[in-house]
Student: 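Below: one structure in structure tokens.
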Amino acid sequence: MRGIRRGLVVLSLFMSMLVLNACGEEPADFTMFMMAQGAVPSEITTAIQDDLTEQYKDQFTIQVVSPPMYNIQRLLIEYAANKNSLIILPKDDIKAYSRNGGHIVLDSYFEQEQYAEGVMEGLVEPGDGKEKKDVLEEHLYALPVSKLPFMEKHGVTNPEFLIAIPANAPNVERSVEVLKMMTEKQ
């Protein structure tokens with residue numbers, strides 16, 4: 001009985017936190033989520049957000065989000081419930097979520113050879129439409145942050161970080177546009 005009561009208390013606290021987080025300001029049109037094994041300094045996320053806001057100020061609003069520490073439950077919520085436009089994570093997390101269909105295939109936007117670190121197996125719908133079951137295929141799902149001049153300008157150069165477009169991104173074309181801008185010389 002105690003365990004059930006404790007579980008209900010924890011569940012109600014968790015739900016309260018979700019409700020409180022949902023209240024407040026309008027969500028941005030474009031959200032970039034970053035999470036590392038350690039904290040991403042707020043100076044970096046603020047500088048990235050300010051720079052993106054300056055570049056796209058008349059087109060859409062931007063928010064860069066990074067939790068204070070690595071949290072696998074938070075990551076699950078980001079993929080399941082939040083509408084991120086871009087996501088930056090350690091390579092192992094990107095690979096795991098790609099294998100489960102979590103990212104957009106980038107083959108038609110970027111060269112696999114140039115970004116070989118982002119080529120991995122991922123779950124995709126079969127192209128012929130006859131198959132009902134998704135299949136694992138090797139594609140470009142992410143770009144290495146270390147090869148993006150925009151991120152280098154802001155001090156994010158760790159070769160273990162990859163950037164991807166989540167499968168539930170609200171506007172894939174906009175995500176691709178910003179990702180392409182990040183690949184250009186700054």
Side-chain angles (χ1 to χ4, degrees), residues 27-37 40 48-49 52 55-56 59-67 70 72-152 154 156-186:
D29 299 322
F30 183 95
T31 302
M32 186 167 86
F33 179 78
M34 299 174 66
M35 188 162 66
Q37 293 297 334
V40 176
I48 291 170
Q49 180 172 311
L52 289 172
Q55 291 193 40
Y56 296 100
Q59 299 172 43
F60 48 89
T61 58
I62 295 172
Q63 180 180 27
V64 178
V65 178
S66 182
Y70 184 87
I72 196 72
Q73 290 85 7
R74 170 73 186 262
L75 184 55
L76 181 62
I77 290 170
E78 291 300 324
Y79 273 98
N82 290 344
K83 300 288 187 187
N84 293 302
S85 303
L86 290 174
I87 194 157
I88 298 176
L89 296 171
K91 189 182 298 186
D92 290 339
D93 290 323
I94 293 285
K95 283 183 176 181
Y97 280 94
S98 290
R99 287 188 59 83
N100 289 305
H103 301 121
I104 300 293
V105 174
L106 301 175
D107 292 346
S108 59
Y109 306 108
F110 301 96
E111 295 295 323
Q112 280 192 7
E113 297 78 27
Q114 188 175 356
Y115 302 106
E117 301 91 327
V119 176
M120 59 193 73
E121 276 193 340
L123 200 61
V124 295
E125 293 179 13
D128 61 8
K130 296 176 186 173
E131 286 271 338
K132 297 280 188 219
K133 191 173 182 181
D134 291 344
V135 294
L136 279 176
E137 291 182 1
E138 195 167 274
H139 291 283
L140 178 64
Y141 287 98
L143 303 184
V145 171
S146 61
K147 291 188 176 179
L148 302 180
F150 177 87
M151 297 305 287
E152 183 181 345
H154 295 291
V156 183
T157 58
N158 187 332
E160 286 300 308
F161 285 140
L162 297 176
I163 186 167
I165 301 173
N168 64 347
N171 186 329
V172 173
E173 292 79 22
R174 183 179 290 160
S175 296
V176 169
E177 174 188 344
V178 173
L179 196 51
K180 282 184 176 182
M181 178 278 301
M182 290 179 173
T183 66
E184 297 168 359
K185 297 245 185 259
Q186 299 293 307

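Quick note: numbers below take in every heavy atom, side chains included, and nothing from hydrogens, waters or symmetry partners.
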Student: Any donor-acceptor pair under 3.5 Å linking the side chain of Asn171 with the backbone of Arg174?
Tutor: yes

Student: Step by step, would you call Ile48 with Val156 a side chain to side chain contact (heavy atoms under 4.5 Å, CB included)?
Tutor: CA-CA 10 Å; Ile48 291 170; Val156 183; 4.2 Å; yes

Student: May I ask you to decide if Asn82's main-chain N or O and Asn168's side chain share a donor-acceptor pair within less than 3.5 Å?
Tutor: yes

Student: Do Met120 and Ile94 come within less than 4.5 Å of each other through their side chains, counting heavy atoms only?
Tutor: yes

Student: Among side-chain atoms of Tyr70 and Asp93, is any donor-acceptor pair under 3.5 angstrom?
Tutor: yes

Student: Work out which heavy atom in Leu162 is nearest to a heavy atom in Val145; give both atom names and the distance.
Tutor: C-CG2, 4.0 Å

Student: Verify the ring-centre separation between Phe30 and Tyr56: is it less than 6.0 angstrom?
Tutor: no

Student: On a heavy-atom basis, which atom in His103 and which in Tyr97 lie closest, and how many Å separate them?
Tutor: CE1-CB, 3.7 Å

Student: Do we see a donor-acceptor contact under 3.5 Å between the side chains of Thr61 and Asp29?
Tutor: yes

Student: If you take all heavy atoms of Met35 and Phe161, which pair is closest and at what distance?
Tutor: O-CE2, 4.1 Å

Student: A side-chain contact here means heavy atoms from C-beta on lying under 4.5 Å apart; do Met151 and Met182 qualify?
Tutor: yes

Student: Find out whether His139 and Leu106 are in side-chain contact, i.e. whether some heavy atom of one side chain is under 4.5 Å from a heavy atom of the other.
Tutor: no

Student: Rounded to the nearest 0.5 Å, how far apart are CD of Glu160 and NZ of Lys91?
Tutor: 4.5 Å

Student: Before giving the answer on side chain to side chain contact (heavy atoms under 4.5 Å, CB included), spell out for Met181 and Phe150 the whole-Å C-alpha distance, their side-chain angles and the decisive distance to 0.1 Å.
Tutor: CA-CA 8 Å; Met181 178 278 301; Phe150 177 87; 3.9 Å; yes

Student: For Leu136 and Leu123, work out which heavy atoms get closest and say how close.
Tutor: CD2-N, 3.8 Å

Student: Could you measure the distance from the CD1 atom of Ile77 to the CD1 atom of Ile72? Nearest 0.5 Å is fine.
Tutor: 11.0 Å

Student: Considering only heavy atoms from C-beta outward, does the side chain of Gln49 approach that of Gln63 to under 4.5 Å?
Tutor: yes

Student: Assess whether side chain to side chain contact (heavy atoms under 4.5 Å, CB included) is satisfied between Met32 and Asn84, documenting all intermediate values.
Tutor: CA-CA 6 Å; Met32 186 167 86; Asn84 293 302; over 6 Å; no

Student: Taking the side chain as every heavy atom from C-beta outward, state whether Pro144 and Pro159 have any atom pair closer than 4.5 Å.
Tutor: no

Student: Could you tell me the separation between the CG atom of Leu52 and the CD atom of Gln59, rounded to the nearest 0.5 Å?
Tutor: 11.5 Å

Student: If you round to the nearest 0.5 Å, how far is CD1 of Ile88 from CD1 of Ile163?
Tutor: 4.0 Å

Student: Output the distance between atom OH (Tyr115) and atom OH (Tyr109), rounded to the nearest 0.5 Å.
Tutor: 15.0 Å

Student: Is there a side-chain contact between Phe33 and Leu86 in this structure, where contact means two heavy atoms from C-beta onward sitting under 4.5 Å apart?
Tutor: no

Student: Applying the side-chain hydrogen bond (donor to acceptor under 3.5 Å, both in side chains) criterion to Lys147, which one of Glu152, Gln114, Glu117 satisfies it?
Tutor: Glu117

Student: Grab the two heavy atoms, one from Ala142 and one from Leu140, that are nearest each other, plus how far apart they are.
Tutor: O-CD1, 3.1 Å

Student: Tell me the closest heavy-atom pair linking Lys83 and Thr31, and the distance in Å.
Tutor: O-CB, 4.4 Å

Student: Do Phe110 and Lys180 make a side-chain contact, defined as non-hydrogen atoms from C-beta onward lying under 4.5 Å apart?
Tutor: yes

Student: Nearest 0.5 Å please: distance from the CG atom of Asn158 over to the CD atom of Gln37.
Tutor: 10.0 Å

Student: Using atom types as modelled and distance alone, determine if a side-chain donor or acceptor of Ser66 lies under 3.5 Å from a backbone N or O of Met34.
Tutor: yes

Student: Give a yes or no on whether the backbone of Thr157 and the side-chain of Ser146 come within a donor-acceptor separation of less than 3.5 Å.
Tutor: no

Student: So, are Glu78 and Arg74 salt-bridged, with charged N and O less than 4.0 Å apart?
Tutor: yes

